[in-house]
Amino acid sequence: MRTFVMLHSHQLPVNLIIHYLQPNMAPVPPGVLILVSFNRDQWYKALTFVLTFLLYTSFHLSRKPISIVKSELHKKNCSSLSELATIASSSSRIQQPSLPSLYTDIDCGWKPFDKSNYKQLLGAMDYSFLCAYAVGMYLSGIIGERLPIRLYLTVGMLTSGLFTCLFGLGYIYNIHSLGFYVFVQVANGLVQTTGWPSVVTCIGNWFGKGRRGLIMGLWNSHTSVGNILGSLIAGYWVSSNWGMSFIVPGLIIAFMGVICFLFLIEHPNDLKSMYPQKSSPGNRVSTKNWNGVNGHTEVYLQYKGNNNQSNDTELLLPRDSVCVPVQPVVVVKSESEPSAISFMGALRIPGVIEFSLCLLFAKLVSYTFLFWLPLYITKAANLDAKKAGDLSTLFDVGGIVGGILAGVISDKLGKRATTCAVMLLLAAPTLYGFSMISKFGLGPTIGMLLVCGGLVNGPYALITTAVSADLGTHKSLKGNARALSTVTAIIDGTGSVGAALGPLLAGLLSAGGWDQVFYMLMTADFLALLLLLRLVSKEVFSSKSHPISAVELKEH
């Protein structure tokens with residue numbers, strides 16, 4: 001009997017007490033003990049983290065195939081063959097009959113991308129998608145705040161899967177119309193804007209400011225994971241049937257849209273209807289409303305305690321049955337929710353404009369690599385489309401590490417802008433080094449791809465996740481959580497303008513040599529750095545800059 005009292009006084013878990021009293025029972029597996037050590041809220045947080053990670057992974061997985069398929073749409077011998085045809089037709093009509101047989105014998109890509117202006121045509125393909133994405137992003141955040149996020153995201157993923165599959169069906173049904181492919185790209189760019197504001201809003205609703213950089217740095221690796229999986233899937237079919245390189249990712253994102261509809265929980269408050277709050281009989285807490293000044297309602301807690309209340313409770317509430325005001329100020333009725341923020345109101349949040357313009361140039365660099373890196377490796381290293389696609393995934397591997405490091409460092413220092421600025425400063429000369437070293441074989445190219453991926457994607461990842469969430473829950477909003485989607489859309493929409501310009505400029509400049517493309521990328525990095533200088537100086541010289549502690553978790 002003494003043993004039981006001792007165990008009870010220490011309040012050990014029930015399963016351990018039972019095991020102690022009945023030693024013949026098998027021990028509980030350690031994995032089960034780990035599972036039961038987490039409470040319900042922690043499990044729902046984990047579900048939201050993993051689910052939104054997989055959802056946006058499928059978005060990037062469906063964007064990657066176009067960069068892998070480019071080298072198959074226009075093959076190496078197409079340009080020389082087109083030039084030969086032009087010379088032959090202008091010199092003598094006698095040689096013209098032999099040209100069709102020459103095109104028939106040699107596989108020269110996919111019309112209309114088999115001409116000498118193929119870089120401009122492929123650049124236009126990228127531009128059509130990214131321009132539609134940039135324009136649609138500004139509207140997506142505003143629309144997303146006024147619609148249920150789960151349904152909004154589900155519809156976007158299903159339609160995105162449809163248009164991704166349509167691009168691949170162009171191969172199966174032998175479609176050679178440039179207008180068809182441009183239309184599919186524009187439509188897909190518009191519907192894919194439903195993704196980013198929705199998932200960032202969900203993750204921001206569930207996770208507060210404590211260790212936000214680390215959490216979102218890990219979470220934002222979905223971008224690189226999606227690019228890697230998209231490269232591997234597209235590369236598997238690119239040489240045999242490039243239509244499947246689009247159809248399979250399209251089916252995956254559509255399937256994930258169904259998973260989103262079934263399991264996504266937008267906000268912790270959505271669970272209150274499932275789990276009503278229950279108060280213990282000993283400590284009953286009830287609410288009473290009295291009419292306050294100006295017709296508002298003041299909310300009070302009526303507390304009835306007993307002799308067994310804890311010391312912490314005694315410090316906050318007296319023993320007697322009294323009515324204690326929750327706050328010494330007048331509060332608004334709970335029925336009146338804050339209205340969604342306007343576009344101009346979001347722009348007035350300190351730091352939104354600077355980070356948005358910085359992301360424009362940072363995303364220009366990142367998306368130029370996303371859409372053109374496999375083709376560059378094909379030309380520079382003389383590799384086939386599959387090997388070039390596989391090698392390009394190393395850039396995304398470096399991006400995963402860079403995004404996590406940026407989040408950890410910014411959490412530790414409490415200085416987001418400074419962290420981004422340092423990485424941008426290091427990225428520019430690294431890009432130049434990559435353009436030089438990539439000519440000396442695979443070994444140096446692999447190393448530089450990892451370093452470039454980390455330095456290029458680090459600031460991009462930090463701004464689109466932790467910075468966007470910080471600004472979307474800025475103290476100037478006075479607790480209006482409905483601004484997060486709009487702020488995220490403004491920042492990422494502005495960045496998407498750069499994402500549209502980068503691949504387009506790369507297509508135009510690469511005609512004069514790849515060196516001009518790298519000069520453009522280095523210039524963009526320096527411009528992104530200049531746009532952050534005011535915020536960097538404010539962080540460096542402000543005494544309020546401090547590490548983001550776990551205490552700030554409660555502010556969200």
Side-chain angles (χ1 to χ4, degrees), residues 55-70 73 113 120-144 152-170 175 177-200 222-223 226-227 230 234 245-247 249-254 256-257 356 359-360 363-372 460 464 485 488-507:
L55 292 179
Y56 210 72
T57 295
S58 65
F59 273 96
H60 263 265
L61 183 148
S62 65
R63 296 178 195 173
K64 187 65 177 179
I66 185 64
S67 64
I68 304 298
V69 173
K70 278 179 180 177
L73 294 177
F113 307 103
Q120 287 77 12
L121 295 179
L122 294 175
M125 294 281 293
D126 298 337
Y127 185 74
S128 61
F129 173 88
L130 295 169
C131 188
Y133 185 86
V135 174
M137 184 60 72
Y138 287 108
L139 301 175
S140 180
I142 298 174
I143 296 173
Y152 184 59
L153 185 56
T154 298
V155 173
M157 298 184 74
L158 291 176
T159 51
S160 179
L162 171 64
F163 290 119
T164 304
C165 290
L166 276 179
F167 199 105
L169 291 175
I175 299 175
S177 171
L178 179 64
F180 169 80
Y181 296 107
V182 170
F183 166 76
V184 171
Q185 287 287 83
V186 170
N188 201 10
L190 289 174
V191 297
Q192 286 228 347
T193 60
T194 60
W196 188 243
S198 300
V199 295
V200 172
H222 53 52
T223 299
N227 292 338
S245 298
F246 289 90
I247 293 175
L251 294 176
I252 291 175
I253 189 174
M256 291 306 301
S356 297
L359 185 63
L360 187 150
K363 204 168 182 179
L364 182 151
V365 178
S366 180
Y367 267 66
T368 301
F369 273 92
L370 174 67
F371 282 88
W372 285 93
Y460 163 44
T464 54
S485 181
T488 302
I490 290 175
I491 293 176
D492 197 53
T494 306
S496 298
V497 175
L501 291 175
L504 177 66
L505 293 175

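Atoms considered below: every heavy atom in the structure, side chains included; atoms not considered: hydrogens, waters and symmetry mates. If you're wondering where the values come from, they're calculated on a predicted model, not measured in any experiment.
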J.: Using 0.5 Å steps for rounding, measure from the CG atom of Leu501 to the NZ atom of Lys363.
T.: 12.5 Å
J.: I need the Leu158 CG to Phe163 CZ distance, nearest 0.5 Å.
T.: 12.0 Å
J.: A side-chain contact here means heavy atoms from C-beta on lying under 4.5 Å apart; do Phe129 and Ile66 qualify?
T.: no
J.: Output, in order, the C-alpha distance, side-chain angles, deciding distance and verdict of side chain to side chain contact (heavy atoms under 4.5 Å, CB included) for Met125 and Leu178.
T.: CA-CA 9 Å; Met125 294 281 293; Leu178 179 64; 4.2 Å; yes
J.: How far apart are the closest heavy atoms of Asn188 and Ser160, and which atoms are they?
T.: OD1-OG, 3.0 Å
J.: Take Asp126 and Lys70 through the test salt bridge (charged side-chain N to carboxylate O under 4.0 Å, His left out) and record every step on the way to the result.
T.: CA-CA 11 Å; Asp126 298 337; Lys70 278 179 180 177; 2.5 Å; yes
J.: What pair of heavy atoms forms the shortest contact from Gly195 to Leu153, and how long is it?
T.: CA-CD1, 3.7 Å
J.: Which value, rounded to the nearest 0.5 Å, describes the distance between Leu61 atom CG and Asn227 atom CG?
T.: 9.0 Å
J.: If only atom types and distance count, is the side chain of Lys64 paired as donor or acceptor with the main-chain N or O of Phe371 below 3.5 Å?
T.: no
J.: Please find the pair of heavy atoms, one from Cys131 and one from Ala500, that lie closest to each other, and give the distance.
T.: N-CB, 3.6 Å
J.: Looking only at heavy atoms, what is the nearest atom pair of Trp372 and Gly507, with distance?
T.: CZ2-CA, 3.6 Å
J.: Under 6.0 Å from the CZ atom of Phe167, do we count more than 12 heavy atoms belonging to anything else shown?
T.: yes
J.: Quick one: does Ser128's side chain have a donor or acceptor within less than 3.5 Å of a partner on Ala124's backbone?
T.: yes
J.: Quick check: do Gln192 and Thr159 have side-chain heavy atoms less than 4.5 Å from each other?
T.: no
J.: Nearest heavy-atom pair of Gly156 and Thr194: which atoms, and what distance?
T.: CA-OG1, 3.3 Å
J.: Rounded at 0.5 Å granularity, tell me how far CG in Leu73 sits from CG in Leu121.
T.: 10.5 Å
J.: When you check the side-chain N and O atoms of Tyr138 and Thr494, is any donor under 3.5 Å from an acceptor?
T.: yes
J.: Quick one: pull up CZ in Arg63 and CD in Gln185 and give me the separation to the nearest 0.5 Å.
T.: 11.5 Å
J.: Are side-chain heavy atoms of Phe246 and Leu169 found at a separation under 4.5 Å?
T.: no
J.: Can you label the angle between the Trp196 ring and the His222 ring as parallel, tilted or perpendicular, going by 30° and 60°?
T.: perpendicular
J.: Below 4.5 Å, heavy atoms only, C-beta onward: do Cys165 and Leu251 meet side chain to side chain?
T.: yes
J.: Show the nearest heavy-atom pair for residues Ala132 and Leu190, with the distance to one decimal.
T.: O-CD2, 3.4 Å
J.: Would you please indicate yes or no on a ring centroid separation below 6.0 angstrom for Phe183 and Phe180?
T.: no
J.: Could you tell me if Tyr460 and Thr223 have a donor-acceptor pair between their side chains, going purely by distance under 3.5 Å?
T.: no
J.: Could you tell me the separation between the OG atom of Ser62 and the CD1 atom of Ile252, rounded to the nearest 0.5 Å?
T.: 9.5 Å
J.: Any side-chain donor paired with an acceptor under 3.5 Å for Thr464 and Asp492?
T.: no
